[in-house]
Amino acid sequence: DDDEEIRDYVAQSISRRLGRQLGCDQACERLVADFEPSGTLFPHTYVSNRLAYLLALPSLGFDLDAAKSEARQAVDMAINPSRVLFDHEPPNIYIDQSRNMQLAYYSLVTIASSSAVSESTGDVFIKGAMCCVEALDAALLALRGSDNTTMLGGATSLSLLYSLIQSWILGARLAVFTAARLGNNYKAVVDRVKEIVGAWLSPQDNKSLGPIHPWIIRALCSLDDLCRSAESDMGVIQPISKDRAVSDLFLLTYI
């Protein structure tokens, strides 16, 4: 019951610091947009926390096998939820959750585009983002079912599953962006992301998957475009600009 009062209080505090009146969402986004790191190198904790938010799984240390296993479990739980008395009611998935995911993504893109990113921090970026990539692949396998041909129709519209898939797509976008910018095994990263996106968007797979939420289709197509923009006609991976990486974010009210 106090959530709204807390949000208003924080928005007012940020508004006073910035010298302009902002709503709750605007204040949150302005805070992320104006954030400046202390020191010359970004701390691993900051990057890891936001990567963990995008991954949205219990696994620690960004282990690929653990991420794939937990992603399949998360999909199974989303399709077969266990409702209990006084179960937590999730926020508006089309506004709150999407905004928070995109703010995490935006801040990570901002960091990755900085020249101050160390090699070790770049490795954290790639490991965490690739966990999102493999989680996206595991979700597709889980939705196909054991016979590799069937799926619960419309499952991607379930609130929990919708949020997870959108978040993992943003993580995959981050993998492509950071790999192209930092040069960490970039060709393999882009090829892997293209392979998974192609499987999601394959006409043959779509027949077996049933209806996929249109916003997820939109996000997957945008991710495919980002992969293509990273590849030159000569097959060489090109750096992606920050503006290109965030150009098609939606549901942000201020950035």
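Along the sequence shown, residues are numbered consecutively beginning with 1.
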Determine, stepwise, if the pair V75 / L164 fulfils side-chain contact (heavy atoms from CB on, under 4.5 Å). CA-CA 9 Å; V75 172; L164 286 173; 5.8 Å; no
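- Of all the heavy atoms in L51 and F125, the pair that sits closest is CD1-CA, 3.9 Å.
- Atom CD1 of I216 sits about 4.0 Å away from atom CD1 of I165, to the nearest 0.5 Å.
- Counting only distance, with no hydrogens or angles, the side chain of S107 and the backbone of A104 share a donor-acceptor pair below 3.5 Å.
- Distance alone, capped at 3.5 Å, places no donor-acceptor pair between the S69 side chain and the D65 backbone.
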Output, in order, the C-alpha distance, side-chain angles, deciding distance and verdict of side-chain contact (heavy atoms from CB on, under 4.5 Å) for L170 and R173. CA-CA 5 Å; L170 286 174; R173 290 179 63 89; 4.0 Å; yes
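- Distance CG/L174 to CG/L226: 10.0 Å, rounded to 0.5 Å.
- Looking at heavy atoms from C-beta onward, L143 lies in side-chain contact with I79 at the 4.5 angstrom threshold.
- In terms of the side-chain contact (heavy atoms from CB on, under 4.5 Å) criterion, residue partners of A138 (sequence neighbours excluded) are, by chain and number, K68, A71, R72.
- Between the side chain of R181 and the backbone N or O of S113, at least one donor-acceptor pair lies under 3.5 Å.
- Side-chain atoms of S167 come within 3.5 Å of backbone N or O of L54 as a donor-acceptor pair.
- Taking CD of Q21 as the start and CZ of R16 as the end, the distance is 9.5 Å to the nearest 0.5 Å.
- The two residues I240 and A230 come nearest to each other via the heavy atoms CD1-CB, 3.8 Å.
- Counting heavy atoms from C-beta outward, Y53 and L103 have side chains that stay 4.5 Å or more apart.
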When you look at R244 and D225, which way does the side-chain contact (heavy atoms from CB on, under 4.5 Å) test go after all the steps? CA-CA 10 Å; R244 176 68 182 87; D225 289 341; 3.7 Å; yes
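- Not one N or O on the side chain of T178 forms a donor-acceptor pair closer than 3.5 Å with the backbone of A112.
- S241 OG to F177 CZ: the interatomic distance, rounded to the nearest 0.5 Å, is 7.5 Å.
- Of all heavy-atom pairs between C132 and G171, the closest is CB-CA, 3.7 Å.
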Would L55 and F62 count as a side-chain contact (heavy atoms from CB on, under 4.5 Å) here? Give the steps. CA-CA 9 Å; L55 184 57; F62 303 129; 4.2 Å; yes
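- Contact annotation: the side chain of V176 never approaches that of Y186 to less than 4.5 Å [non-hydrogen atoms, C-beta and beyond].
- By the neighbour-count criterion of 12 heavy atoms within 6.0 Å, atom NZ of K242 is densely surrounded, having more than that number from other residues, nucleotides or ligands.
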Taking distance alone, no hydrogens or angles, what donor-acceptor pairs closer than 3.5 Å link side-chain atoms of residues 188-199 to residues at least two apart or in another chain?
residue	atom	partner	partner atom	Å
D191	OD1	K187	NZ	3.4
D191	OD2	K187	NZ	2.8
R192	NE	E134	OE2	3.0
R192	NH1	E195	OE1	3.1
R192	NH2	E134	OE1	2.9
R192	NH2	D137	OD2	3.0
K194	NZ	E231	OE1	2.9

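- Under a 3.5 Å cut-off, the side chain of S15 and the backbone N or O of L22 do form a donor-acceptor pair.
- One finds the CH2 atom of W200 at 7.0 Å from the OG1 atom of T156 (value rounded to the nearest 0.5 Å).
- The two residues A245 and V109 come nearest to each other via the heavy atoms CB-CG1, 4.0 Å.
- Closest approach of W168 to A139, counting heavy atoms only: CZ3-CB, 3.7 Å.
- Rounding to the nearest 0.5 angstrom, the gap separating the OH atom in Y106 from the CZ atom in R50 is 13.5 Å.
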